[in-house]
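Read through the structure below, which is laid out as structure tokens, and then see the notes.
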Amino acid sequence: MPKLQSKLPNVGNSIFTVMSRMAVNHGAINLSQGFPDFPVSDELIELISSAMRSGKNQYAPMAGLPELRVSVSSLIQRRYGYAPDPDLEVTVTAGATEALFASIMAIVQPDDEVLLFDPGYDSYAPAIRMAGGIPIHLKLKYPTYTIDWEEVGESITPKTRLIIINSPHNPTGSVLSNLDLQLLEDLALANELYVLSDEVYEHIVFDGKLHESVLRSPLLRERSIAVSSFGKTFHATGWKVGYLVAPESLSTEIRKVHQFLAFSVHTPSQVGLASFLKNPENYSSLSKMYQRKRDFFLQGIQSSRFRPIPCRGTYFQLIDYSAIDQRSDVEMATFMTQELGLASIPISVFYSDQTDHKVLRFCFAKEEETLSKAADILCKI
């Protein structure tokens with residue numbers, strides 16, 4: 001066999017695969033991988049099933065079904081006061097990860113620098129490297145997990161082409177403020193940067209806070225791609241259906257990548273989602289529902305020795321165990337899964353340099369019975 005040179009020589013199985021497999025092997029409660037354990041809407045399932053039965057089973061248009069793109073545009077107008085052109089600025093993708101990858105491949109040229117923040121979602125840096133770019137990792141300020149915009153400004157060079165943000169933030173649950181978006185806008189305009197905004201948890205924001213999307217700003221959205229996920233919004237992560245919104249000039253280049261990466265997305269799902277999105281009640285109640293789950297979980301561990309770090313959005317709760325044990329977070333997560341029957345995610349894996357603050361991530365997108373059992377384990381440690 002000819003020798004194959006890996007484009008990602010340092011990449012193995014993701015931590016999500018490792019911890020979920022470990023949870024199965026040891027019969028542990030799985031609060032590691034971010035997927036709900038409660039059902040998808042019966043109405044949405046029926047809409048998709050009906051589309052299948054009526055023969056909507058062939059290729060959709062490359063950019064997505066027109067009726068779904070119109071529904072997405074209407075949703076964005078209701079939420080952010082801006083209606084993107086459904087024909088030219090909205091693209092349906094095979095999940096948000098494909099949207100992120102296609103966007104990075106379309107924008108980043110060899111030796112371009114891309115600013116991103118640690119801890120961060122693990123698909124960003126590999127995509128940058130495959131595009132020939134150079135990931136520049138900046139750290140969010142611990143323990144608030146906020147951006148140091150002065151450091152961002154100092155890190156911009158003539159080679160900087162793109163900055164990637166994520167709010168609500170995975171894995172920390174922090175959210176960007178209106179001031180954050182203003183400072184981002186100033187830097188992007190002054191330095192001619194593109195912005196890739198991962199907003200897959202946009203409908204899951206707590207404590208009365210507002211999701212600050214790049215789509216709210218006329219100047220920022222001229223140079224930004226906003227990525228969203230139907231899977232996250234409608235508790236159907238296995239469907240892998242998402243979308244992106246970008247100005248026509250960017251959308252044109254992103255679609256060139258998309259057509260040779262996935263080309264089109266599951267047609268019946270698009271038919272069903274187009275109808276389901278027309279009723280705002282199908283997504284407007286998500287924040288309250290997940291906040292109840294967050295608060296239920298926090299109440300359950302109130303008597304434990306773990307220290308929760310404030311969660312403002314997403315369905316992830318970070319917990320500091322430094323007052324309990326000094327083993328590494330990977331060791332602690334492994335011990336808890338194998339010996340105590342509760343799986344989580346160590347936060348150090350989201351850092352390029354494996355920074356370890358003795359913090360674990362727990363997914364609370366679960367039934368109360370599951371969360372109660374997990375809390376009981378934590379209270380006994």
Which pair of non-hydrogen atoms, one from [X] and one from [Y], has the smallest distance, and what is that distance?
X: S224; Y: L220; result: OG-O, 2.6 Å
X: P36; Y: T237; result: CD-CG2, 4.2 Å
X: I381; Y: M336; result: CD1-CE, 4.0 Å
X: A96; Y: S228; result: CB-O, 3.9 Å
X: V265; Y: V92; result: CG2-O, 3.9 Å

May I ask you to test the [X]-[Y] pair for a side-chain heavy-atom distance under 4.5 Å?
X: V214; Y: E199; result: yes
X: S328; Y: P346; result: no
X: I165; Y: V195; result: yes
X: S71; Y: E67; result: no
X: L210; Y: V205; result: no
X: E248; Y: D85; result: no
X: R69; Y: Q270; result: no
X: Y80; Y: R221; result: no

Reported [atom1]-to-[atom2] distance for the pair [X] and [Y], which is rounded to 0.5 angstrom:
X: M332; Y: T337; atom1: CE; atom2: OG1; result: 10.5 Å
X: I319; Y: S344; atom1: CD1; atom2: OG; result: 8.5 Å
X: K293; Y: L298; atom1: NZ; atom2: CG; result: 13.5 Å
X: I309; Y: Y142; atom1: CD1; atom2: OH; result: 4.5 Å
X: D180; Y: T146; atom1: CG; atom2: OG1; result: 7.5 Å

Check your understanding: With K159, which residues qualify under side-chain hydrogen bond (donor to acceptor under 3.5 Å, both in side chains), at least two apart?
Key ->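 Listed in chain order: nothing, the list is empty.
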Salt-bridge contact [X]-[Y] (side-chain N to carboxylate O under 4.0 Å):
X: D356; Y: K358; answer: yes
X: D207; Y: K209; answer: no
X: R223; Y: E185; answer: no

Review point. Does a sphere of radius 6.0 Å around OH in Y194 hold more than 12 heavy atoms from other residues, nucleotides or ligands, not counting ones at 6.0 Å or beyond?
Key: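 No.
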Check your understanding: Should we say atom CG of D42 is surrounded by more than 12 heavy atoms from elsewhere, each under 6.0 Å from it?
Key ->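 No, because the 6.0 Å sphere around CG of D42 holds 12 heavy atoms or fewer from other groups.
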Check your understanding: side chain to side chain donor-acceptor pair (under 3.5 Å) between S41 and E43: does it pass, once the steps are laid out?
Key -> CA-CA 5 Å; S41 163; E43 178 189 353; 4.7 Å; no
Check your understanding: Testing R294, Q302, Q317 for side chain to side chain contact (heavy atoms under 4.5 Å, CB included) with P308, which one passes?
Key ->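 Single side chain to side chain contact (heavy atoms under 4.5 Å, CB included) partner of P308 among R294, Q302, Q317: Q317.
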Practice item. Check each of I104, I225, T91 against I254 using the side chain to side chain contact (heavy atoms under 4.5 Å, CB included) test, and report the only one that passes. Key: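 Result: among I104, I225, T91, I225 is the only option passing the side chain to side chain contact (heavy atoms under 4.5 Å, CB included) with I254.
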Exercise for review: Is it possible for you to check whether K240 lies under 6.0 Å from the centre of the six-membered ring of F230, through NZ or CZ, and within 45° of that ring's axis?
Suggested key: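 That pair does not qualify as a cation-pi contact.
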Review point. Is the F206-Y290 ring centre distance short of 6.0 angstrom?
Key: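 For F206 and Y290, the ring centres are not under 6.0 Å apart.
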Point to revise | Ring centroid separation F260 to F263 under 6.0 Å | key: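 That pair fails the under 6.0 Å test.
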Can you label the angle between the [X] ring and the [Y] ring as parallel, tilted or perpendicular, going by 30° and 60°?
X: F117; Y: W149; result: perpendicular
X: Y283; Y: H203; result: tilted
X: Y201; Y: Y315; result: perpendicular

Exercise for review: Give the intermediate values and the outcome of side chain to side chain donor-acceptor pair (under 3.5 Å) for residues E202 and S213.
Suggested key: CA-CA 8 Å; E202 62 184 317; S213 172; 5.7 Å; no
Exercise for review: Just do the side chain to side chain donor-acceptor pair (under 3.5 Å) check on N178 and R216 with the steps written out, would you?
Suggested key: CA-CA 10 Å; N178 179 260; R216 291 187 187 278; over 6 Å; no
Exercise for review: Decide whether V18 and F35 are clustered together by the hydrophobic rule: side chain heavy atoms of Ile, Leu, Val, Met, Phe, Trp, Tyr closer than 4.5 Å, transitively.
Suggested key: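 Different clusters: V18 never reaches F35 through Ile, Leu, Val, Met, Phe, Trp or Tyr contacts under 4.5 Å.
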Point to revise | Step-by-step side chain to side chain contact (heavy atoms under 4.5 Å, CB included) determination, H266 to W239 | key: CA-CA 9 Å; H266 190 248; W239 293 359; over 6 Å; no
Practice item. Identify, with sequence neighbours excluded, every residue that meets side chain to side chain contact (heavy atoms under 4.5 Å, CB included) alongside S285. Key: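 Counting only residues at least two positions away or on another chain, S285 forms no side chain to side chain contact (heavy atoms under 4.5 Å, CB included).
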